Amino acid sequence: MKTASTPLGRFWAEFRENKVAVVALVVVILMMLLALFAAFVSPQNPYDMANLSLMDSRRPPGFVGSGGYTHLLGTDPQGRDLLSAIFYGLRISIQIGLAAGIVSLSLGTTLGILAAYIGGRVETLIMRAVDLQLSFPAILLALVIVAMLGQGKAQLIGALVAAQYAYFARTAYGAAKAERGKDYIEAALATPMSGRLVVLRHLLPNCTPPLIVVATVQIANSISLEATLSFLGLGLPVTEPSLGMLISNGFPYMMSGRYWISFYPGVALIILIVAINLVGDQIRDQFNPRLRK
Amino acid sequence: MLGFIIQRFLQAVVVMAVMSVIVFCGVYAIGNPIDIVIPPEATQEIREAAIRRLGLDLPLYKQYFIFMGNLLQGDLGRSFVYNVPVLELIGGRLPATLELVLISVISATVLGVSLGVYAGYRPESWISKTIMGVSVLGFSVPSFWVGLILILFFAVNLGWLPAGGRGETVEIWGVAWSFPTLDGLSHIVLPAVNLALFKLAMMIRLARAGTREIMLTDTIKFARAAGISEGTILRRHLLKLISIPILTVFGLELGSTLAFAVVTETIFSWPGVGKLIIDSIGVLDRPVMVAYLILVAFLFVTINFVIDLVFALIDPRVRQGATS
């Protein structure tokens with residue numbers, strides 16, 4: 001086997017050794033592709049009312065509907081093909097998870113690094129606020145913020161960001177604080193290079209490994225949190241059903257044994273979250289110097 | 001020690017004050033409660049009278065001071081919707097939530113620590129590996145979905161346990177409790193299991209990590225060299241040493257479980273505070289929301305304060321660090 005020379009190549013060579021993580025990565029990529037091309041792989045467009053027939057509603061998996069094809073996972077109360085609804089729901093869930101993850105990553109990292117770099121009062125102010133927030137459960141914060149802002153995609157992402165940026169801020173602060181005291185930063189600051197450049201070129205890149213780990217975990221978390229909020233009826237409007245909303249829609253029918261409406265979207269959600277977490281676990285182990293051979 | 005207590009207490013008071021402002025302002029920004037409280041066909045005079053009566057015509061900071069003044073006298077206002085004092089409303093629902101949360105957290109801790117110590121003591125056995133595998137699931141799977149599956153399996157398919165409500169209750173000191181009756185207990189099982197799963201996974205991991213670390217230390221080596229039996233080592237030395245982090249997490253989890261009960265109570269129609277807050281958010285019942293959040297914030301601050309004190313009692317380094 002050829003030894004990879006780039007850092008990324010070495011990283012991948014090590015990643016490849018854990019078969020479970022590789023399978024999980026394949027699953028994550030596959031689900032993202034399904035979400036991206038939902039319109040092409042779904043048997044029907046679940047949001048085109050002309051496609052739906054109430055005659056087909058709440059049918060069990062394997063039912064052949066008026067569209068002439070088999071509903072592999074059954075249909076929901078509106079007569080939608082559940083498999084198609086899951087693909088479209090996956091798309092919305094992943095969109096929200098990624099958007100919330102990326103925004104909280106940027107916001108949290110900026111705050112954390114600023115606190116570590118500037119120090120003094122700014123540091124105290126930012127980190128006190130972050131610590132205060134971290135002592136409260138994310139679900140409660142998200143709940144209140146969604147209630148405050150109302151329903152909608154942007155509002156929901158805002159609530160998720162508000163509930164999660166603090167984790168990034170803590171991590172970035174911890175890493176930056178440790179790097180800040182090292183000689184190479186002092187040396188870079190002694191050159192005519194501007195402070196901003198030192199932060200961007202030297203400080204930030206050295207803080208990324210722990211941030212990547214937190215990011216994978218937090219994306220999985222925000223997907224799960226979004227599903228929970230949507231399930232409670234506080235997430236997205238009904239016109240944009242994420243996986244959580246699909247599960248919520250099927251809940252009333254569960255009591256009468258029509259399990260599939262809630263069950264399959266839940267399975268999709270869990271496969272996605274577990275796969276992301278497994279990939280994240282492997283990345284974390286690879287970045288952890290104590291576990292290095 | 002006294003200085004440490006005073007310092008921590010003042011910190012807690014400041015945190016509470018900040019939280020009350022944030023909560024009040026945050027909740028104030030939600031919608032317009034007038035539209036819910038007053039029927040749309042009401043005349044202009046009735047509308048204005050109602051706005052004045054609820055104090056909604058005053059500027060925000062005045063409303064806050066009135067609110068804080070009342071709060072310090074133990075008055076959290078009246079619910080817009082039910083028109084009863086909020087404290088009465090929440091107080092009536094609190095036992096149901098406390099019952100559920102305490103049963104979940106305590107059983108998760110007892111079971112989680114036992115399983116975790118075993119998994120740490122014998123890390124290579126297949127039982128330990130199974131325990132750890134299950135704990136990963138407990139972390140990843142969203143708890144609301146687990147709740148649905150529990151209902152589907154045990155209530156709908158098997159018909160063993162009820163899917164919702166509190167069942168038969170018994171009055172003790174004027175408060176209704178479910179746990180003393182068999183019917184009540186059968187109603188608690190599913191929501192308690194649902195609420196406990198995440199904590200269980202966390203306790204297992206914590207106890208396992210602690211056990212693995214401590215089993216390698218000199219304390220254990222010397223205890224073994226002294227000929228103390230393995231059972232005594234585990235009970236006397238190991239449990240004592242891993243108890244500090246577990247105690248901390250137990251306290252913190254008590255608060256976060258209280259918050260998470262919102263989800264479980266909604267799924268199992270458990271008539272606790274969590275369900276009340278979800279319903280209140282739906283109808284924008286502002287005083288109830290504010291009171292609930294202040295209550296949770298208060299519980300969190302109190303728990304953190306107590307944990308700090310217990311820590312200072314156990315570990316003298318904490319005390320010294322605070323005063324220097």
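Keep in mind that what you see is a predicted model, and the values were worked out from it rather than measured.
- If you measure heavy-atom distances from Val267(A) to chain B, the contacts under 4.5 Å come from both the backbone and the side chain.
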Walk me through it: do Arg205(B) and Arg208(B) pass the test side-chain contact (heavy atoms from CB on, under 4.5 Å)?
CA-CA 5 Å; Arg205(B) 298 203 140 204; Arg208(B) 176 176 177 269; 5.8 Å; no

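- Heavy atoms of Leu269(A) lying under 4.5 Å from chain B belong exclusively to its side chain.
- Of the listed residues (Ile247(A), Asn221(A), Leu225(A), Asn277(A)), the greatest number of heavy-atom pairs within a distance under 4.5 Å of chain B belongs to Ile247(A).
- For CE of Met32(A), the number of neighbouring non-hydrogen atoms (other residues, nucleotides, ligands) closer than 6.0 Å is 12 at most.
- Neither the backbone nor the side chain of Ala220(A) comes within contact range of chain B, judged by heavy atoms closer than 4.5 Å.
- Residues meeting the side-chain contact (heavy atoms from CB on, under 4.5 Å) test with Arg128(A), sequence neighbours left out: Thr124(A).
- Of the listed residues (Val274(A), Ile276(A), Thr228(A), Asp281(A)), the one with the most heavy-atom contacts under 4.5 Å to chain B is Thr228(A).
- In this structure, the portion of Tyr292(B) lying under 4.5 Å from any heavy atom of chain A is its side chain and not its backbone.
- Of the atoms belonging to Ile267(B), heavy atoms from both backbone and side chain fall under 4.5 Å from chain A.
- Among residues two or more places apart in sequence or in another chain, the side-chain contact (heavy atoms from CB on, under 4.5 Å) test is passed with Leu107(A) by Leu111(A), Val161(A), Tyr165(A).
- Here the side chain of Ser20(B) pairs a donor or acceptor atom with the backbone of Ala17(B) at under 3.5 angstrom.
- Proximity to chain A (any heavy atom under 4.5 Å) is restricted, for Ile278(B), to the side chain, taken from C-beta onward.
- Taking all atoms of both residues into account, the shortest heavy-atom contact from Ala201(B) to Ser135(B) is CB-O, 3.3 Å.
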